[in-house]
Novice: 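Okay, here's the structure, questions in a sec.
Keep in mind the model is a prediction, meaning the values are calculated, not measured. Note that these values count all heavy atoms, side chains included, but never hydrogens, waters or copies made by symmetry.
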Amino acid sequence: MAEKKITTSSGIEIKEVYTCLPKPMDERPGEFPFTRGIQKDMYRGRPWTMRQYAGFSTAEESNKRYHYLLSQGTMGLSVAFDLPTQIGYDSDHALAEGEVGKVGVAIDSLQDMEALFNGIELQKITTSMTINATASTLLAMYIALAKKQGADLSQISGTIQNDILKEYAARGTYIYPPQQSMRIITDVFEYCSKELPKWNTISISGYHIREAGSTAVQELAFTLANGKAYLKAALDAGLDINIFAKRLSFFFNCHNNFFEEVCKFRAARRMWANITKELGATDAGAQKLRFHTQTGGSTLTAQQPMNNIVRVTTQAMAAVLGGTQSLHTNGYDEALSLPTEAAAKIALRTQQIIAYESGATDTVDPLAGSYFVETLTTEIEAAAQLYIDKIDAMGGSVKAIEQDYIQQEIAKSAYEYQTQIENGERILVGVNQFTEDAGIGMEVFRVDDSIRIHQTEKLNKLKATRDNEAVSQALVELEAAAKGGPNLMPFILKAVENYATLGEIADVMRNVFGEY
């Protein structure tokens, strides 16, 4: 009987044994093309940023969780926003019903942003905001708050996701048509290069592509193809690649196949270095792929949820050995609800144990030179490049998305993965093997529907007390700018500072740009 063929999630065949390297090893960490890491000393210098993703209910409730996480050793905050905030609706909008504060925090105005970061000095932390269609408005709120705190904007650091292309391909929280969305994104690039030089203006996300069902190779290929599209849009807008490319970062998923994930990260750095070089980057800082990792949400199981602690640990270790710059570890209970405080603490402690007890940080790129790791890195790179070449031939990511190519490829892979689970070809411990009849029987975190009433009352009070004439004038000026050609960020910032709401600002641009 023929021996069973073993493959990675991407269909790359794994040999029984590897006995040679794909090419001679002469590369060092911190040197082009950065396969072995973007710093020569990596975690010997300092560990990755331990950044726990949190946000739920009201700004006041989320603020309590942020203070707790900071007290437990979190190095940076990562903000989750609710769905109405993500798609430009205030909490009192009819379409917001049932969603306010559920999958993230509700932010309707600068007033909420002030409450969200109450007692937290923005100049002393880094903040990552997972926001896309309304990223420009949330960033404007963050800037307005920093100014109110008296912060030096040149020292403010953090990231907005601001990656709209993957929303069209995999997630769905877009508002405007692709071309208009790209305009807003390049406006953010330009504005921040002058006003917030330490801010990462985009986090090009493979995470949600993977959560939608892609393979590791597809996650890598589609993410880098989107990255190329953003580079070209910025170049077309006249920006200097050696300046703006330094402020691009990436956001990757980490799944269960340990070695495939490590090799995916190593291949990503090498491929991005070559992409940026081909597009004219000569500064090493503009050629380096910097990335945040989050452990795989879709790998968490509602069955035997404590098993997720082990899954998250192996995924986090793969991210570290793959050279991540920051990391979020999921709570073991997130297949059931938002994470409880206890689950969030264990997730953070997982990172701390890897950093300070495992020895994984003692030397740089410890898996380098492994016959298997180096071969698989090269094979993943080659497989991803085939996808990128096909997307390039279609005219780039925007064209490929408009033609539904990327969406169809992800859907096909998601279907194949689910089929493998259902027929037992892929084993999930506690799901299709090693199952138990016992119920879950554990505490879960719930957000009450009354949050919408609370937010609506706040909005009504805000609108009754703010200078509505100043708000109207700011929105008229924003509308004129949207119809014309100037950078939109100063106009959005003025509206925010006058306490225009997120929904009011989004509606102005909906009226000008249309909806997709």
Novice: Inspect the contact between R46 and D41 and indicate whether a charged nitrogen and a carboxylate oxygen are less than 4.0 angstrom apart.
Specialist: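 No.
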Novice: In this structure, which one of F252, F251, Y207 forms a ring-ring contact (aromatic ring centres under 6.0 Å, His included) with H292?
Specialist: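 With H292 as partner, ring-ring contact (aromatic ring centres under 6.0 Å, His included) holds for just one option, F251.
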Novice: Is it true that Q161 and S203 share a donor-acceptor pair across their side chains at a distance under 3.5 Å?
Specialist: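 Looking only at side-chain atoms, Q161 and S203 do not form any donor-acceptor pair under 3.5 Å.
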Novice: Is there any salt bridge (charged side-chain N to carboxylate O under 4.0 Å, His left out) pair reaching into residues 289-315, and which pairs are they, with sequence neighbours excluded?
Specialist: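 Qualifying pairs: none.
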Novice: Do S128 and T159 have side-chain N/O donor and acceptor atoms under 3.5 Å apart?
Specialist: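 There is no such pair (donor and acceptor under 3.5 Å, judged by atom type) between the side chains of S128 and T159.
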Novice: Applying side chain to side chain donor-acceptor pair (under 3.5 Å) between T329 and each of Q351, Q294, R349, report the one that passes.
Specialist: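 So the option named by the test is Q351.
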Novice: Please list, one pair per line, the donor and acceptor atoms closer than 3.5 Å that link side chains of residues 280-289 to other protein atoms, with sequence neighbours excluded.
Specialist:
unit_1	atom_1	unit_2	atom_2	d
T282	OG1	N242	ND2	3.1
D283	OD1	G285	N	2.7
D283	OD2	K246	NZ	2.9
Q287	NE2	A281	O	3.0
K288	NZ	I38	O	3.2

Novice: Looking at every heavy atom in both Q407 and I401, which two are closest together, and how far apart are they?
Specialist: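 Scanning both residues, the minimum pair turns out to be NE2-O, 3.1 Å.
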Novice: Can you pull out every side chain to side chain donor-acceptor pair (under 3.5 Å) where at least one residue sits in residues 12-32? Sequence neighbours excluded, please.
Specialist: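 The answer is E27-T35.
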Novice: Looking only at side chains, do N63 and E60 share a donor and an acceptor under 3.5 Å apart?
Specialist: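 Their side chains do not contain a donor-acceptor pair, so the 3.5 Å distance test is not met.
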Novice: Considering all heavy atoms of both residues, which atom of I209 and which atom of I410 are nearest to each other, and what is their separation?
Specialist: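 Heavy-atom minimum between the residues: CG2-CD1, 3.8 Å.
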Novice: Locate the shortest heavy-atom distance separating E374 from A368; write the atom from each residue and the value.
Specialist: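 Residues E374 and A368, closest heavy atoms: OE2-CA, 3.4 Å.
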Novice: Between Q218, E219, R210, Q418, which is the residue that forms a side chain to side chain donor-acceptor pair (under 3.5 Å) with S413?
Specialist: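 Single side chain to side chain donor-acceptor pair (under 3.5 Å) partner of S413 among Q218, E219, R210, Q418: Q218.
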Novice: So, do F291 and F265 have ring centers that fall under 6.0 Å from each other?
Specialist: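 Judged by ring-centre distance (under 6.0 Å), F291 and F265 do meet the cut-off.
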Novice: If you look at every heavy atom in M182 and A229, which pair is closest and at what distance?
Specialist: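 Closest heavy-atom pair between M182 and A229: CE-O, 3.9 Å.
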Novice: Flag the pair F372 / F259 as yes when their ring centroid distance falls below 6.0 Å, and as no otherwise.
Specialist: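 Ring centres of F259 and F372 closer than 6.0 Å.
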Novice: Under 6.0 Å between the ring centres of W272 and F34?
Specialist: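 Between W272 and F34, the centre distance exceeds or equals 6.0 Å.
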Novice: Of all heavy-atom pairs between I204 and L248, which one has the smallest distance, and what is that distance?
Specialist: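 So the two residues come closest at CD1-CD1, 4.4 Å.
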Novice: Go through F222 and Y387 one step at a time and tell me if the ring pair (Phe, Tyr, Trp, His ring centres under 6.0 Å) criterion holds.
Specialist: CA-CA 8 Å; F222 299 156; Y387 273 114; 5.3 Å; yes
Novice: Please assess Q315 against N256 for the test side chain to side chain donor-acceptor pair (under 3.5 Å), listing each intermediate value before the final yes or no.
Specialist: CA-CA 6 Å; Q315 292 165 12; N256 287 332; 2.6 Å; yes
Novice: Hydrogens and angles aside, do N257 and T8 bring a side-chain donor and acceptor to less than 3.5 Å of each other?
Specialist: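 Side-chain D/A pair, N257 to T8: absent.
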Novice: Is a donor on one side and an acceptor on the other found under 3.5 Å between the side chain of T74 and the backbone of L70?
Specialist: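 Absent.
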Novice: Tell me the closest heavy-atom pair linking N162 and N132, and the distance in Å.
Specialist: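 Shortest heavy-atom contact: N-OD1, 3.4 Å.
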Novice: Quick one: does NZ or CZ of K277 land under 6.0 Å from the six-membered ring centre of F32, within 45 degrees of the ring axis?
Specialist: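 Checked: cation-pi criterion met.
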Novice: Would you check if the distance from the ring center of F189 to the ring center of W199 is below 6.0 Å?
Specialist: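 Between W199 and F189, which both carry aromatic rings, the centre distance is not below 6.0 Å.
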